[in-house]
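Scroll down for the structure; my scribbles are underneath it.
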Amino acid sequence: MKQENRPDLIIHGSVNASGGVYNEVSVHGFGKIQGNVECADLYCAGHVTISGDVQATFAKVEGNASISGKVGMETMEIYGQADVNGDVDVSKLRVDGSAKVHGSLASEEVKLRGFLKVTGDCEAEEFKADGVFSIGGLLNAGHIEILLHGNCGAREIGGERIEVRKSGSGKLNKLLKHIFNNTLSVDSIEGDEIYLEYTRAKVVRGNSVEIGPGCEIDLVEYTGDFRKDISSQVKEHKQC
C-alpha cells in the first residue's frame, strides 16, 4: 500500500543516497545507500549496495543486491543475486537465482529453484527445494520437500514430513549430472515421516522411515515402519 507521506527513491545511473524511510526504492543503475532503509517496496534491476538493515513489505531482486545488515520483509523474491550479511526474517522467500545469507534464515515459506547458502540455521513452516542449497546449521521445517539438482548439504535436518528425491531426466538434469553427484549430505535427520534418496547421513531417526535408492546411512532408528531399497547401504537399523 502506498504511503502518501513517504518519498520514493529512484536510482538511474550511478548514485549515492542516504538511508531513510521511503515508499518505493527502485534501482535500475548502480546505487549505494548509506544507512538503514525502511520502505514499502524494493525493486532492484541493477546493482545496489545497502550499508545497513532493510525493512520492507515486498522486495524483488532481478539484478544484484548486497546488504550489510539484517533483513525483515513480508515477501522477498530473488531472480538475480542477493547477498545479506545478517539474519533474514521473511514471511515468504522465493529464490530462482542465487541467495547468500551470512546469518540465520527464518521464513514461513521457502521456495527454492536456484541456489541458497545459509551459514546459520534455516527455520520454516514449509521448505521446498528444487535446486541446490548449503545450510551450515539446522534446517528445521514442518514439511521439507527436496528435489536434488546437485550436491546439497546441512548440518542437521528436522521436521514432521521429510522427502528427498533425485531430480528426473529433464534437460537440466542431464546437463548437470556430469558435473554434480546430486547427493544430500547431512549429519543427522530426524522427523516423523521420512523418505530419502541419494542421501549420506550418520543418523536417521523417525517413526516411518523409508530409505530409497542411492543412500549411505550409518544408523537408522525408527519407532514404526522401516524399509530399505536394495541399492542403499545402512550399516545398522533398530526399532526403538
Side-chain angles (χ1 to χ4, degrees), residues 95 99-107 110-170 172-240:
V95 180
K100 295 180 181 179
V101 179
H102 303 276
S104 294
L105 168 63
S107 179
V110 176
K111 291 186 177 181
L112 170 66
R113 291 182 60 88
F115 173 76
L116 172 65
K117 180 177 181 180
V118 181
T119 61
D121 298 333
C122 177
E123 191 155 348
E125 291 294 325
E126 183 179 60
F127 182 92
K128 290 188 176 182
D130 190 359
V132 179
F133 65 86
S134 172
I135 297 171
L138 167 68
L139 167 58
N140 184 37
H143 181 203
I144 296 173
E145 186 178 313
I146 298 169
L147 191 62
L148 298 167
H149 282 284
N151 289 333
C152 298
R155 181 170 54 83
E156 298 175 283
I157 293 179
E160 295 176 11
R161 290 187 297 149
I162 301 169
E163 183 179 335
V164 180
R165 297 182 183 272
K166 189 177 182 180
S167 59
S169 57
L172 177 62
N173 184 63
K174 290 179 179 179
L175 177 65
L176 294 178
K177 71 178 182 179
H178 302 293
I179 305 173
F180 301 110
N181 294 323
N182 289 28
T183 301
L184 171 66
S185 299
V186 59
D187 286 346
S188 66
I189 298 174
E190 188 165 347
D192 186 28
E193 298 179 14
I194 300 173
Y195 176 81
L196 304 176
E197 292 181 0
Y198 296 90
T199 297
R200 296 174 182 171
K202 295 178 181 177
V203 180
V204 175
R205 295 187 181 95
N207 175 31
S208 175
V209 178
E210 182 175 354
I211 305 299
C215 294
E216 296 179 15
I217 313 294
D218 290 347
L219 172 64
V220 174
E221 295 180 344
Y222 61 98
T223 57
D225 303 322
F226 170 71
R227 287 176 289 177
K228 182 185 81 70
D229 187 271
I230 192 171
S231 69
S232 289
Q233 300 177 18
V234 176
K235 293 182 180 179
E236 181 183 1
H237 61 88
K238 59 183 180 181
Q239 191 168 22
C240 301

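If you're wondering where the values come from, they're calculated on a predicted model, not measured in any experiment.
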Heavy-atom neighbours of [X] [atom1] exceed 12 at 6.0 Å:
X: R155; atom1: CZ; result: yes
X: K228; atom1: NZ; result: yes
X: R165; atom1: CZ; result: yes

Below 4.0 angstrom, N of the basic side chain to O of the carboxylate: do [X] and [Y] qualify?
X: R205; Y: E221; result: yes
X: E193; Y: R161; result: no
X: K235; Y: D218; result: yes

Measure the shortest side-chain to side-chain distance between [X] and [Y] over non-hydrogen atoms and say whether it is less than 4.5 angstrom.
X: L139; Y: I144; result: yes
X: T183; Y: T199; result: no
X: I189; Y: I194; result: yes
X: S167; Y: L148; result: no
X: F133; Y: I146; result: yes
X: I157; Y: L184; result: yes
X: Y198; Y: V164; result: no

Check against side chain to side chain contact (heavy atoms under 4.5 Å, CB included), V204 and Y222: CA-CA 8 Å; V204 175; Y222 61 98; over 6 Å; no
Evaluate the ring planes of F226 and H237, with Trp represented by its six-membered ring, and classify them as parallel (under 30°), tilted (30 to 60°) or perpendicular (over 60°). parallel
Can H149 and D130 be counted as having a side-chain donor-acceptor contact under 3.5 angstrom? yes
